[in-house]
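Here the structure is a predicted model, which means the values were calculated and not measured. Counting convention: from 1, in listed order, for ligands and their atoms alike.
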Amino acid sequence: MPWAGALARAAHHAPKLAAPAIIGGAEPPKPLIMLDPGHGGKDPGAIGLSGTYEKHVAEAAGQELRNQLLATGRYRVAMTRSSDHFIPLAGRVELAQQHGAALFLSMHADALHNPSVRGASVYTHAHGASDTQTADLARTENSADRYGGPLVHGASPEVQQILASLVTEETRTGSAHMAQAVVSSFRSRVLLLSHPHRHAAFAVLKSAQIPSVLVEMGFMSNRLDEAALKQAGHRAMVAGALCDAINRYFAAAGAG
Ligand SMILES: [Zn+2]
């Protein structure tokens, strides 16, 4: 498949480990999934009507998904954060790059202007936004670095290079396949927004070679979504659907 190349290339960036000589029939290394719980530390993300912080929901869902992915035995998993601290957007992309991630999954539950809108949705990177609601979301997400102070804006040359490089066509196709896998897996068990796969210029999705998606598990601006995402059982169901989507993605790429 044409987009399987993006996986192979991402795997190529994996850190070289001092492993014993490979004997015939040894299994290839498991793909590394980089989970990215949104916000953290001084950046709370969206705050729900009853006071739930998006950063806490994202972190709890991220931990749950990590456990589920590890339980399959098929993947290695890394997280941009596994505690409540601030990471600039470029730093999240850089971590995925450093780890040689095969897939980057950013997890959020932002707020919209319209409190009646609810349901999960998945986003890929594009220069133009699919709709005004998504353009607003990307603008809010991309402003997270304001919590970082002046240091964050003086990104290192390496990070600047990552952000300046173009997302390759293969990566774009891989990201789109992953987004479709998320929609398919959610359809039977998690309420979806209408037109659930959308796109905009999300800074955190701007990796040249690692297929990347951002999942809005629901919206903090909606009472029912907020109440659901506070429940561990609901988060486990969302994580289960995401785990299933990741399985579908790698099975289709022939790497699973
Ligand atoms: Zn967010």
Think Lys42 forms a cation-pi with Phe86, using NZ or CZ under 6.0 Å from the six-ring centre and within 45 degrees of its axis?
yes
Between NE2 of His39 and OD2 of Asp110, what angle is found at the Zn ion (ligand 1), rounded to 10 degrees?
160°
Under 3.5 Å side-chain donor-acceptor pair for Gln180 and His197
no
Between Ser185 and Arg248, the two heavy atoms sitting closest are OG-NE, 3.1 Å
Tell me which N, O or S atom of Glu54 sits nearest to the Zn ion (ligand 1).
OE2
Atom name of the N, O or S atom in Glu141 that lies nearest to the Zn ion (ligand 1):
OE2
Side-chain heavy atoms under 4.5 angstrom apart, residues restricted to Ile, Leu, Val, Met, Phe, Trp, Tyr: same cluster for Val57 and Leu191?
no
Between the Zn ion (ligand 1) and His108, which N, O or S atom of the residue is the nearest one?
ND1
